[in-house]
Protein chains: 2
Amino acid sequence: MRTRAASSKPTIRDVAAEAGVSIATVSRALNGRAPIASETAKKVQAAVQALGFRANRTGRELRAGTSRTVGVLVPSLANPVFAESVAGIQDAAREAGWSVLIASSAYEAERENQAIEHLLSHRVGGLVLTVADADRSATLDGLDREGMPYVLVYNQPDRADRSSATIDNIAAGRDATRALIAAGRTRLAMVAGRFAASDRSKQRYRGFGEALAEAGLSQVALIELGFDAPEVDGPTRRLLTGPDRPTGLFCSTDLLALRVMALLREAGLRVPDDVAIVGFDGIPVGRLTAPSLATIAQPSHEMGRRAFLHLLARIEGAAPERILLPYELRPGGSLPPGR
Amino acid sequence: MRTRAASSKPTIRDVAAEAGVSIATVSRALNGRAPIASETAKKVQAAVQALGFRANRTGRELRAGTSRTVGVLVPSLANPVFAESVAGIQDAAREAGWSVLIASSAYEAERENQAIEHLLSHRVGGLVLTVADADRSATLDGLDREGMPYVLVYNQPDRADRSSATIDNIAAGRDATRALIAAGRTRLAMVAGRFAASDRSKQRYRGFGEALAEAGLSQVALIELGFDAPEVDGPTRRLLTGPDRPTGLFCSTDLLALRVMALLREAGLRVPDDVAIVGFDGIPVGRLTAPSLATIAQPSHEMGRRAFLHLLARIEGAAPERILLPYELRPGGSLPPGR
DNA sequence: TGACGAACTGAAAACGTTTACGACGACGCC
DNA sequence: GGCGTCGTCGTAAACGTTTTCAGTTCGTCA
């Protein structure tokens, strides 16, 4: 029996000494994995209380070889849509007794890799993440090689071996565009962030194109805006506000849509009279602007939740699954109602 | 020398065997804490490459007794202002080679405690957190008792023994209110969330009251709105839109300000002509609304950064510090310029 | 030449936990 | 009465790392 400095944290040994049993018995009493005499259990509980013992997860993890911690990687927490999916993951993880280790990539491939490397060194049980391009990602290839389970959020991969929880981006892009067409707009364009950094943008663009095709419209203009730069360059501005400007805009992100609305307002154009707008994501502030933002509302919180739960299943050995959740075209003042 | 399954992750032992040295040498070569022959270092590097070795943090942490991981607790990730401070913490942590474990309290005291308990069981090196009331918090009392270092964000405690990184909420509330008065408004009110859940709201309210007093105005109306409930009840609505309605509103949060603006708009009132509004936080979307939102802009990202850096110092033994960062009254269309 | 320090390396202990294995008593059954 | 079974518990090993301690081999200086 060892003595210990009062300042240091009590370990399972101290509890065992206090309760007059072995450390194995303490461990069993705490985890309930084996039969324990109820009297012994009481003594252990009392000792735990007396010492203020809190099991050290590090020891447990080292022994178990895994950590009941999920690594989460998002492009940025500044976008409310990602923050909300993290909140969903967080909630589900808490309920399951898991912890959440977080990292962000800032939309950069190198940081993506570094972050994953960092998370893996923690021996996380699995990962929930959003990457630039789910079908060709060196990061994901690496995870596959290592046999590390993961589930994608927002990404909608073609490959059936990559788990994901998302909405149908192509169909949603189509629906958004159909709504613009139903509102009588024929000169349409899509506004995206950095196209290369987002496979979802591409999928939404595909849906956009399909809706145009089925309506016999040919213009498939794409206007790229860039996530970070708060300034919009002259040519882009003219494209949006010049004489040949579109009368309907599908924006691949709500934040983008709000920026565009502000830009149009500065230029003296009215939404939706001069330009109708549909966004994508369904962030809460979209309801509060004037006019309010019509958008494709994703169930971000639920997506995070489902992603985590599916990750748990994958860790238990379940097959990969591509979970498609329902989305909704949320009406708003930026889009006149269809005829 | 042991053999191992090819599927399992390589350990430092495998590297040692591959390089033909001892595990101690591998450890030293990897951490650079002791002199190593350059030739030996090369062999180790080669073995690391060959095996794809990644040091297991769990083992390191167990041995070290601490974890180079910071626990972060925020009320909610849904509010962009908290998400941004987390991003700041995240950035600083990454640069320092630390990891971020995240939890949220949903503004509930019990969840606050549970979350802290959870983070502590990970043996985090310290905590960065935002609590309901920094001066009387059972959670913080517990941390003090355990000698666990922490730094508060957004909270601005009176007690000198509690570290924090924040702005001067009282002064900011005063400045916001002075701006409303300078704009010629005399019937003023403050709108807050759940007052009890936010010491900062109280501090801002105090600044509000001080500004009214110095201008010889007596009305110190407080309108409580509630964070979660999207609906505003009838009495509150009448207070905001009735005949005796205020002509200037100071909102303790930008999200609240945006909700109020939407509510006034529904009621047919014009901002800023009928009611001038100043918010608090400086969330980016505030620039994009029509009219744009005048607000007290907090350096949220920087606050998170500084909080983490100060936490590192505290862990090294530095004394507690209450860091006050500069804020800015950001002009916006919701507030007519002062005379 | 001998002593001494510097550079480098290895053996082994330690961090806190879980768990395989074995031991012990009590009990039921033939 | 012997034997297996069940419930309960303790001993000790193991997880992967860092670090102390103790060498060994050099070069250098008196």
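- In this structure, B/Asn31 reaches the D/dT18 phosphate: one of its side-chain N or O atoms is under 4.0 Å from OP1 or OP2.
- Between the C1' atom of C/dC15 and the CG atom of B/Asn56 lies a distance of 13 Å, rounded to the nearest Å.
- DNA chain D is contacted by both B/Thr25 and B/Leu62; B/Leu62 maps to the nucleotide lying nearer its 5′ end (nearest heavy atom per residue).
- Between B/Ala34 and B/Gly65, the residue anchored closer to the 5' end of DNA chain C is B/Ala34, taking for each the nucleotide with the nearest heavy atom.
- A donor-acceptor pair is defined here as one N or O able to donate and one able to accept, closer than 3.5 Å; no such pair exists between the side chain of B/Thr166 and the backbone of B/Ser164.
- A close approach under 4.0 Å does not occur between any side-chain nitrogen or oxygen of A/Ser22 and OP1 or OP2 of D/dT11.
- Residues A/Tyr107 and A/Ser198 bring no donor and acceptor atom of their side chains to less than 3.5 Å of each other.
- In this structure, A/Ala55 reaches the sugar-phosphate backbone alone: every heavy-atom distance under 4.0 Å involves primed, P, OP1 or OP2 atoms, never a base.
- Mapped onto DNA chain D by nearest heavy atom, B/Arg63 and A/Ile36 fall at different nucleotides, with A/Ile36 at the one closer to the 5' end.
- In this structure, the CD atom of B/Glu39 is 18 Å from the P atom of C/dA7, given to the nearest Å.
- Of the possible donor and acceptor atoms, one in the side chain of B/Asn56 sits under 3.5 Å from a partner among the backbone N and O of B/Thr58.
- Computed from coordinates, the B/Ile23 CD1 to C/dA14 P distance equals 15 Å when rounded to whole Å.
- At a threshold of 4.0 angstrom between heavy atoms, the contacts of B/Ala24 include nucleobase atoms, whether or not backbone atoms are also involved.
- We find that CZ of B/Arg28 is positioned 11 Å from C1' of D/dC21, with the value rounded to whole Å.
- OP1 or OP2 of D/dG16 has not a single side-chain nitrogen or oxygen of B/Thr58 nearer than 4.0 Å.
- Residue A/Thr40 has a polar side-chain atom (N or O) positioned under 4.0 Å from OP1 or OP2 of D/dC9.
- Here B/Arg33 reaches the OP1 or OP2 of D/dT19: one of its side-chain N or O atoms lies under 4.0 Å away.
- Following rounding to the nearest Å, B/Glu61 (CD) and C/dA14 (C1') show an atom-to-atom distance of 16 Å.
- In this structure, the CZ atom of A/Arg68 is 17 Å from the P atom of C/dT17, given to the nearest Å.
- A donor atom on one side chain and an acceptor atom on the other are found under 3.5 Å apart for A/Tyr150 and A/Arg162.
- Spacing between atom CD1 of B/Ile12 and atom P of C/dA13 amounts to 18 Å, rounded to whole angstrom units.
- For the pair B/Ser67 (side chain) and B/Glu61 (backbone), a donor-acceptor distance under 3.5 Å is absent.
- In this structure, the CZ atom of A/Arg60 is 18 Å from the C1' atom of D/dG16, given to the nearest Å.
- Within 4.0 Å (heavy atoms only), A/Arg57 reaches no atom of the nucleic acid at all.
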